[in-house]
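Down below is the structure, laid out as structure tokens.
Chain letters run A, B, ... following the sequence lines, proteins first and then strands; every chain starts at 1. If you're wondering where the values come from, they're calculated on a predicted model, not measured in any experiment.
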Amino acid sequence: MNEIYPLAVPKGRKLKCEVCEAPAERMCGACTVTFYCGVAHQRADWTSIHEKICQLLIPLRTTMPFYNSEEERKHGREQLVQRQKHLIELCYKVSQKYLFEGKHEESVPAALHSLRFRINVYGANSVQVVPAYLLLTEASIGLGQIVQAEEYLAQAQWIVLKATECSDEIQSLLHRNLGLLHTAKGNYEEARYHLANDIYHASCEYGTDNIRISAAYFLMANVFLHQKKMDVAGSLYTKVTDIWHTYLDQPIQNQLHAIKKPTDILAKELENDTGLDEPQESEAIHILETILEIREHTVEEKSQTTIKILKTVAMLHYLMMNLSKAHELALKAYLLSRELPNKEEFEALRELLSLIASKNPVTLKSAKFYNQTL
Amino acid sequence: MTLPPVQIDYSKLALLTRKRGTCSPVGLTKAQLLKIKDETDKYLEMKWKGLTKEEAAGYRNSYQKNICIDMLQHGYHKSFCEFFTLLKMWHALREAGGIRSIFWMQTPLEDLPEKLDQMYFFLTRAEDAELAGRYEEMYNNIFALARYFDNPDDKWLRDYFYGRCFKIGQLIKVDGGRKLAEAYANLGLLHEENGNFEEAVENYEAFSDMTEGRLWQDANGHLLNSIACENLRRIYTLLAEKMLKDKQYKQAIRTLLKACERAKQGGDKKMEGEAAFALGLAYHSTGESELARSALEIFSDISIALDDAVGLSRAYEAIAKVLASQGKPMEAVAYLEKVVEIAKNTDQKRRLVEACTLLGDIYNAKGFYTKACEFFKQAFDTTGEFRDIPLVDETKVHYGIAKAHQMMTTINKFIESSDYNSLNNLLTWKENRSEFFPEPTVDKSSDSKNEWPSRQLTPESDINSSSEDEEYNY
């Protein structure tokens with residue numbers, strides 16, 4: 001929070017704002033290696049990413065200490081690259097998480113950091129830079145700055161086009177963002193084309209039923225929804241639900257299995273774990289809750305699908321230890337499923353409810369109550 | 001928040017052009033430039049009839065990728081998943097099959113645009129129908145695919161699609177289960193081809209149960225139920241054959257009885273005959289000759305009723321075999337001669353050979369060597385007409401043995417009598433090795449008395465060339 005005076009800086013050394021690259025007038029007091037043009041940008045950076053990486057930046061931005069042997073120098077350089085790579089990943093994850101939470105503004109500085117370090121490590125024209133551009137694109141779209149987004153995207157596309165070998169993963173990401181952009185611009189046909197490409201490449205990389213593809217299917221469904229093709233959109237939403245249901249059902253079945261087995265005192269209680277990282281979790285919540293909302297609004301006699309999505313969301317919340325929410329949703333699904341002829345689903349939901357209750361003393365009582373009345 | 005400009009590395013050339021700035025008027029923002037570029041692109045697209053971006057990508061990408069993208073773009077995500085998995089499966093099958101698998105010989109599926117097109121067409125139509133809830137149409141589309149892949153190379157695809165048909169069939173409620181029944185039949189066929197007879201039986205039985213009492217007909221106007229019965233008969237017969245090989249005679253006969261029952265239920269006479277025939281053979285191999293004979297006689301009756309000469313000859317031949325094993329060679333001979341006649345009339349060379357050989361065998365065993373010779377010769381002459389070397393050799397040997405037997409008795413007589421005349425005869429024969437002997441008639445009568453005492457119908461006196469005509473007529 002110290003002020004600096006650009007004119008007092010030694011000649012030839014230009015201090016630039018971390019966010020907008022304008023001449024700097026302020027410096028972060030904690031690390032003393034980061035500069036800003038004003039309070040606004042400093043605050044934005046701090047809330048976004050700087051708080052988390054403030055101390056990590058010091059070794060990267062101060063000159064390397066003097067080493068005596070070539071070996072040590074080499075080691076020092078390698079360590080530097082390692083640190084940068086670590087920062088790349090960190091910034092990327094943070095930015096992604098903000099995006100899924102809908103905090104576009106916060107995600108920008110983190111994405112910029114990721115981009116900068118990527119350029120440093122890999123060079124400006126390498127494929128590794130593309131994901132950072134894509135983050136920025138997504139943030140820009142979220143902020144409604146379409147032109148800016150297009151610019152980033154054009155750059156990303158150009159890099160991919162020039163690269164002789166580009167992994168399916170990056171191709172898929174690129175097309176997803178192109179799809180997003182065209183959706184935002186209202187070019188639904190093109191959006192669908194790019195999303196189709198996205199799904200294809202992602203399928204090549206992960207297989208057709210991976211949770212990583214669910215987002216693309218979800219976006220595609222949204223496009224169809226905009227075009228008023230309800231049946232196709234519905235079928236795609238079902239697909240997304242199925243993917244997540246299969247994925248989340250696995251740990252739940254394991255837990256149920258463990259409970260049914262004769263109790264072994266030494267056995268560790270299975271912990272709730274989705275097996276996802278934070279951005280993926282927030283993505284899952286975003287996607288599934290949107291679908292749930294859509295289903296609840298457009299529901300016409302399709303209680304089967306509603307139950308499924310309710311159950312899936314409940315499972316997700318349960319695995320993320322949001323027990324009260326999980327209980328509420330599972331209960332809803334449970335009550336709905338009572339009217340269905342298919343008893344299988346009904347049983348599955350009852351098991352889920354009891355599992356949720358076993359982790360939570362508050363809902364335990366009400367669960368017992370329901371079990372008695374039924 | 002204002003964002004920083006994109007960092008771009010320009011090549012030296014690019015930097016120069018930028019500096020000169022001849023192409024673009026100075027002072028335009030990037031946004032404006034982008035807009036101008038878009039407009040130019042659009043103009044070129046409209047006026048120059050060039051390639052759109054998608055078309056360009058279409059040429060650059062592989063055919064399968066284009067199909068996948070086209071499917072997805074129009075929302076056919078299920079078709080895409082299926083298509084994609086199938087392409088993967090081909091490679092997986094190839095790997096799993098090892099170096100000897102037939103898949104190594106084939107062109108990869110993704111390089112056969114025609115097949116990919118077919119899959120695209122039917123899969124997407126099926127998905128359309130599924131979305132609209134018209135399962136019957138969906139079934140028809142998938143079934144069409146299965147039919148399309150009905151060749152040895154794509155057997156796995158056909159099997160896969162039949163499996164799908166079955167699943168769809170379970171969803172169709174309105175037609176009273178007809179599609180499901182057909183699906184069962186197809187599954188049964190698959191199992192039959194793969195040699196899983198037990199499972200095939202299960203499927204066929206389901207098919208038959210579902211079609212019983214219904215008047216459904218297939219495209220050729222056959223009743224589905226009778227098709228079911230025919231299938232069941234066939235599969236039971238196959239099963240029984242397998243059991244017979246493993247010497248489980250009782251089980252085999254039980255299975256064959258089931259086959260007969262099904263055949264009767266099916267109402268097709270020919271089918272019934274076939275079942276009876278198989279049953280007869282099975283009885284024969286267990287040694288229950290009477291039952292075998294009655295079963296075979298059913299077959300022969302049916303064949304007569306249907307005017308089926310080939311069937312009749314088969315029936316008679318089998319009956320003859322049963323009789324021969326029962327120790328009634330004369331009756332067997334009677335049947336076999338009928339077979340010879342029918343075979344001659346209907347031009348069944350192989351059956352003729354078989355019947356003649358059998359006849360020859362019987363005569364040979366009973367010591368009627370001239371007769372045996374005659375039939376073996378007939379068999380041998382007939383085999384000469386088709387190029388089956390082992391068969392020719394076999395009949396040749398038979399013929400030779402009979403011939404030798406025929407001469408043997410005469411020579412023995414000559415040696416035993418040991419007088420000058422006989423010696424002379426032997427010597428002359430040795431010199432020229434002709435087939436014919438001056439045969440003393442006395443010898444023959446004793447020979448037939450010794451060797452064939454049970455014989456009552458034929459004249460006992462002699463069976464040399466002069467009396468042969470009589471016998472033939474009998």
Part of A/H194 lying under 4.5 Å from any heavy atom of chain B: neither
A/L236, part contacting chain B, at a heavy-atom distance under 4.5 Å: both
A/D209 with A/K239: basic N within carboxylate O range, under 4.0 Å: yes
SB check A/K185 A/E190 (cutoff 4.0 Å): no
Contacting region of A/C204 [heavy-atom separation from chain B under 4.5 Å]: both
Lys/Arg-Asp/Glu bridge criterion (N-O < 4.0 Å) met for B/K37, A/E150: no
Part of B/F80 lying under 4.5 Å from any heavy atom of chain A: side chain
Approximate separation, where rounding is to 0.5 Å, of A/Y36 OH and A/E18 CD: 5.5 Å
Positions in residues 62-69 of chain B that reach chain A, provided some heavy atom is under 4.5 Å away: B/Q64, B/K65, B/C68, B/I69
Shortest non-hydrogen separation from A/A124 to A/I159 and the atoms involved: O-CD1, 3.7 Å
Nearest heavy atoms of B/G75 and B/E127, plus distance in Å: O-OE2, 3.8 Å
Salt bridge A/K103-A/E106, side-chain N to carboxylate O under 4.0 Å: no
Option that, when pairs with chain A are counted at under 4.5 Å, heavy atom only, ranks first among B/H74, B/K35, B/M71, B/E130: B/H74
Interatomic distance, A/S235 atom OG to B/Y76 atom OH [nearest 0.5 angstrom]: 11.0 Å
Exercise: identify the closest heavy-atom pair between A/A202 and A/S172: N-CB, 3.8 Å
Toward chain B: residues of residues 221-229 of chain A with heavy atoms under 4.5 Å: A/F224
Lys/Arg cation over aromatic A/Y206: A/R212, 6.0 Å, 45° cone: yes
Shortest non-hydrogen contact from B/R164 toward B/M138: NH2-CE, 3.3 Å
A/T238 and its side-chain hydrogen bond (donor to acceptor under 3.5 Å, both in side chains) partner, picked from A/H245, A/R295, A/K308: A/R295
